[in-house]
Student: 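Here it is, the structure, as structure tokens.
Reminder, nothing fancy here: chain letters follow the sequence lines and each chain counts from 1.
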2 protein chains.
Amino acid sequence: MKMRDAFTCPLELVHDMIKGKWKPIILWRLRLGPTSLSRLEKDIDGITQKMLLEHLKELIDYGFVEKKTFDGYPLRVEYSLTEEQGRELLEALKIMQQIGIKYLKSHGKEDVLIEKGILPG
Amino acid sequence: MKMRDAFTCPLELVHDMIKGKWKPIILWRLRLGPTSLSRLEKDIDGITQKMLLEHLKELIDYGFVEKKTFDGYPLRVEYSLTEEQGRELLEALKIMQQIGIKYLKSHGKEDVLIEKGILPG
DNA sequence: CTGGATCCCGAATGATACTG
DNA sequence: CAGTATCATTCGGGATCCAG
């Protein structure tokens with residue numbers, strides 16, 4: 001993801017760091033705890049391994065996600081939110097999630113929310 | 001800004017609504033209160049009127065910003081955050097701003113912050 | 001063999017410049 | 001301001017490679 005070379009306020013920086021089609025969902029999925037690559041691939045609907053790796057890599061570079069590789073057999077790799085930055089960003093994402101829910105409600109789309117298990121059926 | 005036709009969680013929806021190079025800065029600038037188009041154009045460094053209008057339009061369509069036109073002379077137009085959605089999103093942006101500030105600090109870039117007047121010189 | 005990671009390329013989208 | 005042209009970036013598919 002290309003960062004702009006100059007920015008006016010730190011907000012722009014962070015926006016650039018988390019822009020990209022899949023970054024928010026990846027982070028959102030990671031709020032549930034450490035996960036393997038293949039698990040993420042299964043859980044995030046429609047993502048390809050390539051996209052997942054690409055976006056994960058950036059999230060790691062910017063310090064939102066950390067990767068732990070365990071030696072031994074079977075091979076195991078875990079991705080998780082970083083305590084500091086990752087968890088903090090999660091707070092912002094929670095707000096956005098709430099806004100999305102309210103938005104759908106107030107636009108007569110409760111059915112979508114129910115269908116996705118966000119609201120009780 | 002193109003929205004994806006299907007999304008897994010409301011978060012994705014909101015992310016799509018505020019993606020775009022200038023949207024966060026516009027919202028950030030609007031936190032200070034209602035502003036005219038020309039004022040925004042002056043305050044946001046590097047933006048063209050076209051981009052500003054385009055992005056404002058979407059923010060209005062999605063309910064984050066409202067536009068008030070005052071009749072009379074001189075003609076006056078004001079853009080501001082909406083009470084509900086706009087202000088709520090601002091909370092998320094504030095967190096992101098904080099993350100950005102911390103990030104810059106912990107990467108030895110305090111000087112950038114001082115230069116921009118975010119930290120006292 | 002399995003799970004993880006990288007490379008190349010065409011198609012779709014976003015941003016900017018230019019023009020009236 | 002709106003329309004169009006152009007340039008830059010992102011997305012996605014699929015082949016390929018690496019390591020245990």
Student: Return no unless some side-chain N or O of A:H55 is found under 4.0 Å from OP1 or OP2 of D:dC11.
Tutor: yes
Student: Can you tell me the distance, in whole Å, between the CG atom of B:L40 and the P atom of D:dC1?
Tutor: 12 Å
Student: Between A:Q49 and A:M3, which has a closest nucleotide on DNA chain D that is more 5'?
Tutor: A:M3
Student: Answer with base, sugar-phosphate or nothing: what part of the nucleic acid does B:K57 contact at a heavy-atom distance below 4.0 Å?
Tutor: nothing
Student: Report yes if a side-chain nitrogen or oxygen of A:S38 is closer than 4.0 Å to either non-bridging phosphate oxygen (OP1 or OP2) of C:dG4; otherwise report no.
Tutor: yes
Student: Is there a donor-acceptor pair under 3.5 Å between the side chain of A:E91 and the backbone N or O of A:E88?
Tutor: no
Student: Separation of B:K2 atom NZ from D:dT9 atom P, in whole Å?
Tutor: 21 Å
Student: Please work out if A:M1 contacts a base, only the sugar-phosphate, or nothing of the nucleic acid, heavy-atom cut-off 4.0 Å.
Tutor: sugar-phosphate
Student: Using OP1 and OP2 only, check whether a side-chain N or O of A:W22 sits under 4.0 Å from D:dG12.
Tutor: yes
Student: Base, sugar-phosphate, or nothing for A:F70, non-hydrogen atoms under 4.0 angstrom?
Tutor: nothing
Student: Can you measure B:L52 atom CG to C:dA17 atom P for me and round it to whole angstrom units?
Tutor: 15 Å
Student: State whether A:Y79 places a side-chain N or O below 4.0 Å from either non-bridging phosphate oxygen (OP1 or OP2) of C:dA5.
Tutor: yes
Student: Take the protein atom CG of B:L37 and the nucleotide atom P of D:dA2, then report the distance between them rounded to whole Å.
Tutor: 10 Å
Student: Might you point out which heavy atoms bring A:M96 and B:A92 nearest each other, and give the distance in Å?
Tutor: CG-CB, 4.2 Å
Student: Check if the side chain of B:K21 and the base of C:dG14 share a donor-acceptor pair of N or O atoms closer than 3.5 Å.
Tutor: no
Student: Near B:E84 CD, under 6.0 Å, is it more than 12 heavy atoms from other residues, nucleotides or ligands?
Tutor: no
Student: So, does B:T82 use its side chain to make a donor-acceptor pair with the main chain of B:G63 at under 3.5 Å?
Tutor: yes
Student: Indicate, with a heavy-atom threshold strictly under 4.0 Å, whether A:E54 touches base, sugar-phosphate, or nothing.
Tutor: nothing
Student: Take atom CD1 of B:I47 and atom C1' of D:dC1, then tell me their distance rounded to the nearest Å.
Tutor: 15 Å
Student: Can you tell me whether the side chain of A:K50 and the base of D:dT10 have a donor-acceptor pair closer than 3.5 Å?
Tutor: no
Student: Could you tell me how far apart A:L53 (CG) and D:dC11 (P) are, to the nearest whole angstrom?
Tutor: 15 Å
Student: Kindly say whether B:F7 contributes a backbone atom to a donor-acceptor pair with the side chain of A:K116 at under 3.5 angstrom?
Tutor: yes
Student: Rounded to the nearest Å, what distance is computed from the CD atom of residue B:E58 to the C1' atom of nucleotide C:dT13?
Tutor: 12 Å
Student: In whole Å, what is the span from the NZ atom of B:K19 to the P atom of C:dA12?
Tutor: 16 Å
